[in-house]
Amino acid sequence: MQPINQQIIHTHDAPAAIGPYSQAVSVNGMIFVSGQIPLDPKSGELVEGDFKAQVEQVFDNLTAIAEAAGLTLDNAVRIGLYLTDMSQFAVVNEVMEARFNSPYPARAAIGVASLPKNAAVEADAIFAAG
């Protein structure tokens, strides 16, 4: 079995990993981004404000990681969303519509009981390079 040719992607413009994982890993032109909660990368704390502010920060973090890989959100092929309150889903749609261009990436939305640091939202992503 051949070893996987992978590259670790890291940027100081997104929160550092808070456990034994990488912000993102590139393998064969695909970039797998770890879940991003609404942490401010400078303070390491959750952003203040309403649910929309949290969603905006999550997508700011995903954008920063995409840019570190030389990509944009337009390279996203899948977004995974995790929400502690599914009644807020319209806000996520509003933010995504402002951040992404059509055709939109595939997406999964999952209601969860809790998230790290008591965040209300988390998102992970898969990007395709080239």
Side-chain angles (χ1 to χ4, degrees):
M1 179 175 243
Q2 294 182 337
I4 296 174
N5 183 14
Q6 67 181 11
Q7 175 186 356
I8 302 303
I9 297 168
H10 175 78
T11 178
H12 294 291
D13 294 328
I18 55 176
Y21 61 91
S22 299
Q23 284 176 332
V25 177
S26 175
V27 177
N28 298 327
M30 302 297 291
I31 292 84
F32 300 87
V33 181
S34 293
Q36 296 297 304
I37 59 174
L39 290 180
D40 178 309
K42 291 177 181 42
S43 70
E45 299 298 324
L46 288 176
V47 295
E48 295 187 18
D50 62 5
F51 182 76
K52 185 174 181 181
Q54 288 196 32
V55 176
E56 294 280 3
Q57 185 64 54
V58 164
F59 283 102
D60 286 349
N61 295 343
L62 289 176
T63 299
I65 294 168
E67 289 173 353
L71 307 173
T72 70
L73 287 182
D74 288 334
N75 293 94
V77 295
R78 183 192 179 278
I79 302 290
L81 296 167
Y82 310 90
L83 298 106
T84 59
D85 182 357
M86 291 298 283
S87 72
Q88 296 282 356
F89 197 71
V91 175
V92 175
N93 281 339
E94 177 186 331
V95 172
M96 284 190 68
E97 195 166 26
R99 298 276 187 126
F100 289 85
N101 295 308
S102 182
Y104 301 112
R107 179 177 76 180
I110 301 164
V112 297
S114 65
L115 291 166
K117 295 195 173 238
N118 292 319
V121 61
E122 180 173 2
D124 60 18
I126 300 172
F127 294 98

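Just so it is clear, the structure is predicted and the values come from calculations on it, not from any experiment.
Pairing each heavy atom of Ala68 with each of His10, the nearest pair is CB-O, 4.2 Å. Closest heavy-atom contact between Pro105 and Val77: CB-C, 3.7 Å. Nearest heavy atoms, Asn61 versus Ile37: ND2-O, 3.1 Å. Taking all atoms of both residues into account, the shortest heavy-atom contact from Ser34 to Tyr21 is OG-CD1, 3.6 Å.
Two residues are said to be in side-chain contact when any heavy atoms from C-beta on lie closer than 4.5 Å; Phe127 and Thr72 fail this criterion. Side-chain contact between Phe51 and Val92 is present, with heavy atoms from C-beta onward closer than 4.5 Å. Between Asp124 and Phe32, every side-chain heavy-atom pair lies at or beyond the 4.5 Å cut-off. Inter-residue side-chain proximity for Ser22 and Ile9 is flagged as unmet; no heavy-atom pair is nearer than 4.5 Å. Residues Val58 and Glu122 have side chains not in contact (no heavy-atom distance under 4.5 Å, counting atoms from C-beta outward). Using a 4.5 Å heavy-atom threshold, the side chains of Asn93 and Arg107 count as touching. The shortest side-chain heavy-atom distance between Leu39 and Lys117 falls under the 4.5 Å cut-off. In this structure the side chain of Met30 reaches within 4.5 angstrom of the side chain of Ile126, judged on heavy atoms.
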Just do the side-chain contact (heavy atoms from CB on, under 4.5 Å) check on Arg99 and Leu62 with the steps written out, would you? CA-CA 11 Å; Arg99 298 276 187 126; Leu62 289 176; over 6 Å; no

